[in-house]
S.K.: 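Next up is a structure, given as structure tokens.
Here is the naming used below: chain letters follow the sequence lines, and residue numbers restart at 1 for every chain.
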Amino acid sequence: MSHDAAGESGTAHAGNNFLKNLIAEQIASGEQQGAVVTRFPPEPNGYLHIGHAASICLNFGLAEHFDGACRLRFDDTNPDAEDQEYIDSIQADIQWLGFEWDGAVRYTSSYFDTLYGYALHLIDAGLAYVDELSPEQIREYRGTLTEPGRDSPYRDRDPAESRALFEAMARGEYAEGAASLRAKIDMAAGNINLRDPVIYRIRNKAHHQTGDKWCVYPSYDFAHGQSDAIEGVTHSICTLEFEDHRPLYNWLIAHLPVPARPVQYEFARVNLNYTITSKRKLRRLVEEHIVDGWDDPRMPTISGIRRRGYTPGSIRTFCEMVGVSRSGGTVDTAMLEHAIRDDLNTHAARAMCVLDPLKIVITNWDEDRVETLEAAGHPNRDDLGTRRLPLTREIFIEAEDFRESANKKYKRLVLGKKVRLRNAYVIEAHDVVKDESGRVVEVHCTYDPDTLGDNPADGVKPKGVIHWVSATHGKQALVRVYDRLFAVENPAREAELLDGLNPFSLTVHKGCWIEPGAAEVAPETRLQFERTGYFVADRYDHAVGAPVFNRVVALRDTWAKIESRGE
RNA sequence: UGGGGCGUAGCCAAGCGGUAAGGCAACGGGUUUUGAUCCCGUGAUGCGCAGGUUCGAAUCCUGCCGCCCCAGCCA
């Protein structure tokens, strides 16, 4: 509501969700004794994206709310696609969002010894067996969605034999795919995850954490729940597609000597229109150089969103606005944009920057005269101080802010009409200079010296206010204006991913003019360029003296709406 | 023809038997040296559909319909 409402904790939304309510009930009824423990369990095989932010906010938020703990655990059970680069970026992203995990970073791989022991336990209990069917045969034996599967011929082999075989697998005596360990559950189960799922497979590959120690690796299903139990996780929260795995999760917990009994809960993942959140597809954009990397400002990755200029607080607010439920849907990006506008409107200092310059000569202003005007750093926050704006005979205004003639709806500079220079005087245009092609390259105006902080003497207040930068005292800047990466609402539906791309997702403005003070800000400083939008000094490319800004988001633009309606 | 979910305004989402919160978007209007912000106002006789139970149903029951997930030795 008011200007000071938006902060790290977001605006005043209830922020309740079914999981928070559920846990509150569990605590009230005594079902939940002790601290609530959650975890965020990414696989380090890609960068985190906006969808992960929802999970992070949920898991850390719940722990915070109930005064419990949330751990970070890398679910690194498959060395194939995992990499240290991702481990590093994931940690940086979580910290940037403002969350702190409890204790040290955990790795599922650090439980491999225990997990291996659990596998042996299951074998000894006659609940797991080494299968020597090939991956293809296992698929055939599994049946289909509507037909039950068939038992593997190795299903009833003696536990002692399975144990010996499994140990041989672990010693590296089998080739990948030659054998696997399967839980013995029910090949006719309607839930396919219960049709003797593979719980250990051979992977002759070095692991980023355990090196060459192992050549057998537990599957997600065999590792996740047990890891939760080992860590004392009380609420293992994941997305809806894992719901079918819950019976397996519970089956394993029930049959293994685990130290705790965690429970899995599911929620719907968040989709955003005009964007994709498939790691595979995002990787493709990076690898095919459609974007400049995982942190390209157009990417929906946390690091891309950061580079775009979004604040951690705005992401958290967004997640709260969206809420948590079990009904999957697609959120409008307008909600994300609202979150960052709301944040930056209250926190970003104001500045003026001309993206597409048109020269103005103030003919009744002396050649060498420089008047330093004072302007507010923020229209309704005195604590942001003031800035100094040098006004000179020649200035630049936005080319689209001038027309030789226009109807009354156009409230900017028109030949023969007056307009207010933001934070300065009222000027009136009386002449244009054109090039051979007839394009206006310069506009001559006169200024009214009595209008600094005052309306003209004739009492006619100009309808419009435009921004400007001194042509002699302003600084040049490079500004990148970003738009959505995809032009179609649901890029995932596109037959070919690249077909949905927006060809105008990036426009680089090289000859921009910015007020002197704003050229000196530190990287990642966010500013509002008045009348234009919110911008951030690029995290990497910006330097004092060579300013480079990214547009975070445009200001709400009712004029654009009026105009596109066809006047 | 199997198993598991989900259906409340354009979008997200509360509600859990007592007569439809909130946010985003949209649209009006006011203030304004940012066509910004801010402020005020406008939305479902209706909760996928059809029956039923009840004094009373989005909430309970039955039957339909629609959408999503599952047949990786991925997570």
S.K.: Roughly, in whole Å, what's the span from CG in A/Leu527 to P in B/U37?
M.R.: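 One finds 19 Å between P of B/U37 and CG of A/Leu527, rounded.
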S.K.: What I want to check is whether an N or O donor and acceptor connect the side chain of A/Gln528 with the base of B/U34 at under 3.5 Å.
M.R.: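 Pair found.
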S.K.: Between the side chains of A/Glu371 and A/Tyr425, is a donor N or O closer than 3.5 angstrom to an acceptor N or O?
M.R.: yes
S.K.: Partner of B/C16 by Watson-Crick or G-U wobble geometry, both contacts under 3.5 Å, or none?
M.R.: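 Check on B/C16: unpaired, no WC or wobble geometry under 3.5 Å.
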S.K.: Rounded to the Å, how far apart are A/Leu145 CG and B/A71 C1'?
M.R.: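 So the CG-C1' distance, A/Leu145 to B/A71, works out to 5 Å.
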S.K.: Under 3.5 Å for both donor-acceptor distances, Watson-Crick or wobble: does B/C49 have a partner, and if so which one?
M.R.: B/G63
S.K.: Hey, is the side chain of A/Thr558 poking within less than 4.0 Å of OP1 or OP2 on B/A36, counting only N and O atoms?
M.R.: yes
S.K.: If you go through the side-chain atoms of A/Arg350, does one of them form a donor-acceptor pair with the base of B/U34 closer than 3.5 Å?
M.R.: yes
S.K.: Check whether the aromatic ring of A/Trp559 stacks on the base of B/G35, taking stacking as ring centres less than 5.5 Å apart and planes within 30° of each other.
M.R.: yes
S.K.: In the structure shown, which nucleotide is the Watson-Crick or G-U wobble counterpart of B/G2, with both distances under 3.5 Å?
M.R.: B/C70
S.K.: Starting at atom NE2 of A/His338, determine the distance to atom C1' of B/A36, rounded to an integer number of angstrom.
M.R.: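 These atoms are roughly 13 Å apart.
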S.K.: In this structure, how many angstroms lie between the C1' atom of B/U37 and the CG atom of A/Asp382, rounded?
M.R.: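 Value for this atom pair: 15 Å.
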S.K.: Would B/G29 be called syn or anti here, given the cut-off of 90° from 0?
M.R.: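 What B/G29 shows is an anti base, its glycosidic angle lying more than 90° from 0.
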S.K.: Does NZ or CZ of A/Arg182 lie under 6.0 Å from the centre of the six-membered ring of A/Tyr129, at an angle within 45° of the ring axis?
M.R.: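 No, A/Arg182 does not sit over the ring of A/Tyr129.
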S.K.: Do A/Asp244 and B/G3 have a side chain to base donor-acceptor pair shorter than 3.5 Å?
M.R.: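 Such a pair is found, so the answer is yes.
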S.K.: Checking A/Arg412 against A/Glu398 for the salt bridge (Lys or Arg N to Asp or Glu O under 4.0 Å) test, could you report, in this order, the C-alpha distance in whole Å, the side-chain angles of both residues, the deciding distance, and whether it holds?
M.R.: CA-CA 10 Å; A/Arg412 310 178 187 188; A/Glu398 211 67 68; over 6 Å; no
S.K.: Separation of A/Leu389 atom CG from B/U34 atom P, in whole Å?
M.R.: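 From A/Leu389 CG to B/U34 P: 15 Å.
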S.K.: How long is the line joining CG of A/Leu555 and C1' of B/A36, in whole Å?
M.R.: 4 Å
S.K.: Going by purine N1 to pyrimidine N3 plus the second Watson-Crick contact, or the G-U wobble pair, all under 3.5 Å, which nucleotide sits opposite B/G28?
M.R.: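 Pairing partner: B/C40.
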S.K.: How many Å lie between CG on A/Asn271 and P on B/C12, as a whole number?
M.R.: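 Taking CG of A/Asn271 and P of B/C12, I get 10 Å after rounding.
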S.K.: Got a donor-acceptor pair under 3.5 Å from the side chain of A/Arg139 to the base of B/G72?
M.R.: no
S.K.: Only one of A/Asp75, A/Asp76, A/Thr210 passes side-chain hydrogen bond (donor to acceptor under 3.5 Å, both in side chains) with A/Ser109; say which it is.
M.R.: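 Testing each of A/Asp75, A/Asp76, A/Thr210 against A/Ser109, the sole residue satisfying side-chain hydrogen bond (donor to acceptor under 3.5 Å, both in side chains) is A/Asp76.
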S.K.: Starting at the 5' end of RNA chain B and moving along, which residue's nearest nucleotide shows up first, A/Gly329 or A/Asn193?
M.R.: A/Gly329
S.K.: Would you verify whether the NZ or CZ of A/Arg203 falls within 45 degrees of the ring axis of A/Tyr217 while also being under 6.0 Å from that six-membered ring's centre?
M.R.: no
S.K.: State whether A/Arg341 places a side-chain N or O below 4.0 Å from either non-bridging phosphate oxygen (OP1 or OP2) of B/U34.
M.R.: no
